[in-house]
Amino acid sequence: MKKDYMIIVAVLVLALLMQACSNSYPGLYYDDGGNNNTEYQEELPIKVSLDEHDLFSIAATRGTGAFDHDDERLGASYYRNKMTNSLFNIFAFRASKDQHGPLTKEVDFSRSLANDESREHCLVDSRNYFMGKPARPTDDGTGELNFIDDETYTKQEELYYSNQYSDVGYNFFGYYLDDFVPTAENTHRETDRIYYDVSIDGAQDMLVGHAPVLTPSVIEERYTSLELTAAECNELAGVGGYSTLAARHDLHPIIDLQHVLTRLRFEAVPGDATADRIRLHQLSVVGKNSGKLVVACNDFTQLGFYPGEETGTFMLREASKDGVTPGRLMNENEDGYIVEFEPDMENIPVMERKTTPFCESLMLVPDTEYQMILEYDHMRRQVDSEGNESYVLETRLKGTYDLKAPEETVNYDKATGRYIFKPGYVYTIRIVVYGAQEIEVVTNINAWKFADQLTIETVE
């Protein structure tokens with residue numbers, strides 16, 4: 001049987017800005033609370049910020065789903081609670097080597113603060129060799145991040161630069177990997193990159209990125225408030241990365257994070273007056289469930305997620321009530337999900353009727369297609385001897401729907417030469433509910449910038 005899927009293609013602009021104040025680098029140390037280190041002529045803390053207006057989705061803990069400040073179901077307290085519980089990680093490594101002097105070796109990403117006493121390679125990472133330095137957003141809404149301790153993730157720490165190498169440039173990397181626990185088995189710090197073996201459960205968000213190469217044009221476009229001369233711009237860019245010299249001019253790295261997963265969210269709409277005879281019970285999606293996430297490397301184009309071939313089934317959950325505690329599985333709601341047909345809908349086309357969002361979204365590995373499985377109950381109307389009306393379960397049904405990426409230019413992936421559900425896009429799956437005929441499923445790419453509409457056909 002053929003199913004019609006209407007897809008509105010959208011382009012998601014996913015720049016998550018994290019602003020970090022830098023100073024001089026290979027002299028970085030951790031504040032120990034009372035250590036008066038006289039080696040440094042000047043101590044300038046590294047300050048990291050992010051622009052909350054550029055956020056799309058951040059999950060605080062596993063099972064809480066995507067963070068979406070545009071979702072009308074979520075209030076300001078939910079947004080703020082999720083923000084303050086989000087954990088970011090930062091790495092910084094030397095950007096290049098010198099022709100002469102102490103920094104003539106290629107940068108080695110396997111080096112850390114613990115084994116790089118001279119800070120010739122690594123500037124920022126964690127005491128825990130397997131992860132970048134953790135940081136959380138402040139709760140004042142400014143977007144500033146606080147570096148925190150590596151064990152409890154609760155105590156604030158400050159990182160400092162020295163003036164020892166004021167003209168040495170560094171590359172900054174950031175990532176967000178929801179509820180991931182790095183270990184010796186799943187962490188790989190090689191000479192030219194750092195990556196993790198990760199498993200996907202459908203509920204966690206993943207982002208990765210870096211600060212762009214510092215050029216005169218980047219300075220002009222991103223740092224419009226700075227009053228820098230052309231000579232100063234050229235001098236700062238000539239360092240080859242973000243440096244103490246740049247920080248003294250109030251020019252700090254801004255890390256652009258990109259979402260590496262595709263997001264599906266779900267809505268129901270009544271197809272006719274018999275829709276209330278159907279109770280939605282469970283929804284799941286089959287897709288790839290593991291891969292490799294590169295979070296730092298010499299070649300910026302290699303940052304990102306590389307999926308494996310294994311697949312899994314991802315069960316839909318209800319939305320978290322507080323942004324921290326995972327919601328229950330959809331099928332744990334004994335009442336199920338029912339949509340009511342309102343009389344004034346009779347003359348409104350199905351695709352224009354008001355929809356009812358339900359449960360959380362699923363974050364999936366980008367792919368050419370997914371399989372969606374919907375379980376629903378057909379209810380039978382009954383009236384007792386006193387005339388009271390109720391519905392009882394008559395039969396439980398299951399429908400399987402193959403969702404294929406539309407062959408539209410915006411969905412074309414140059415790396416693979418195929419059309420895919422792209423990372424960073426949010427797809428709204430609209431379930432059209434009928435009580436007397438088969439359920440229909442319609443897909444909209446429902447994001448931030450809209451393009452053409454098209455219809456694709458899938459075979460059930």
What I'd like to find out is whether the side chain of N289 reaches to under 4.5 Å of the side chain of T311, using heavy atoms alone.
no

Quick one, R317 with E332, criterion salt bridge (Lys or Arg N to Asp or Glu O under 4.0 Å). Give me CA distance, side-chain angles, the key distance, then yes/no.
CA-CA 9 Å; R317 287 182 175 271; E332 294 176 349; 5.5 Å; no

Can D149 and K155 be counted as an ion pair, charged N to O under 4.0 angstrom?
no

Would you check if F358 and L280 make a side-chain contact, meaning some heavy-atom pair closer than 4.5 Å?
yes

Which pair of non-hydrogen atoms, one from A273 and one from D276, has the smallest distance, and what is that distance?
O-OD1, 3.9 Å

Does the ring centre of F88 sit less than 6.0 Å away from the ring centre of Y175?
no

Say you draw a straight line from CZ of F305 to CG of L261; how long is it, rounded to the nearest 0.5 Å?
6.5 Å

OH-OG1 distance between Y196 and T187, expressed to the nearest 0.5 angstrom:
5.0 Å

Check whether any side-chain heavy atom of K288 sits under 4.5 Å from a side-chain heavy atom of D367, and report yes or no.
yes

When you measure from the side chain of K133 to the backbone of I148, do you find a donor-acceptor pair of N or O atoms at a distance under 3.5 Å?
yes

Taking NZ, NE, NH1 and NH2 as the nitrogens, is one of them in R328 or E318 under 4.0 Å from a carboxylate oxygen of the other?
yes

Straight-line distance of L316 CG to L264 CG, nearest 0.5 Å:
9.5 Å

Taking the side chain as every heavy atom from C-beta outward, state whether F172 and L123 have any pair of such atoms under 4.5 Å apart.
yes

So, for I200 and M363, which heavy atoms are closest and what is the spacing to 0.1 Å?
CG2-O, 3.8 Å

Salt-bridged, D150 to R127, with N to O below 4.0 Å?
yes

Over 60° means perpendicular and under 30° means parallel, so tell me whether F173 and F300 are parallel, tilted or perpendicular.
perpendicular

Flag the pair F130 / T183 as yes when at least one side-chain heavy-atom distance between them is below 4.5 Å, and no otherwise.
no

Would you find a donor on one side and an acceptor on the other, under 3.5 Å apart, between the side chain of R353 and the backbone of G271?
yes

Does the gap between the ring centers of F109 and F93 come in under 6.0 Å?
yes

Looking at Y129, is R189 sitting on its ring face, NZ or CZ under 6.0 Å from the six-membered ring centre and within 45 degrees of the normal?
yes

Aromatic ring centroids of Y419 and Y412 under 6.0 Å?
yes

Out of curiosity, I373 CD1 to F314 CZ, how far, rounded to the nearest 0.5 Å?
12.0 Å

Side chains of V198 and F180, heavy atoms from C-beta outward: is any pair under 4.5 Å?
yes

Short question: side chain of T355, backbone of V269 - any donor-acceptor pair under 3.5 Å?
no

Between the main-chain N or O of H281 and the side-chain N or O of N331, is there a donor-acceptor pair closer than 3.5 Å?
no

Using 0.5 Å steps for rounding, measure from the CZ atom of F266 to the CD1 atom of I429.
6.0 Å

Could E394 and R277 be called an ion pair, given the rule that one side-chain N must be under 4.0 Å from one carboxylate O?
no

Taking side chain as C-beta onward, heavy atoms only, is H210 less than 4.5 Å from L303?
yes

Would you compute the distance between atom CG of L293 and atom CE of M206 and round it to the nearest 0.5 angstrom?
5.5 Å

Between N115 (side chain only) and S112 (backbone N and O only), is there a donor and an acceptor less than 3.5 Å apart?
yes

Side-chain heavy atoms of N146 within contact of R136, under 4.5 Å:
no

Salt-bridge present (R396, D377; N to O < 4.0 Å):
yes

Evaluate the criterion side chain to side chain donor-acceptor pair (under 3.5 Å) for residue pair T368 and R418; output intermediate values, then yes/no.
CA-CA 7 Å; T368 57; R418 300 182 298 173; 4.5 Å; no

May I ask you to check whether H188 and Y195 place their ring centres under 6.0 Å from each other?
yes

Do E369 side-chain atoms and G287 backbone N/O form a donor-acceptor pair below 3.5 Å?
no

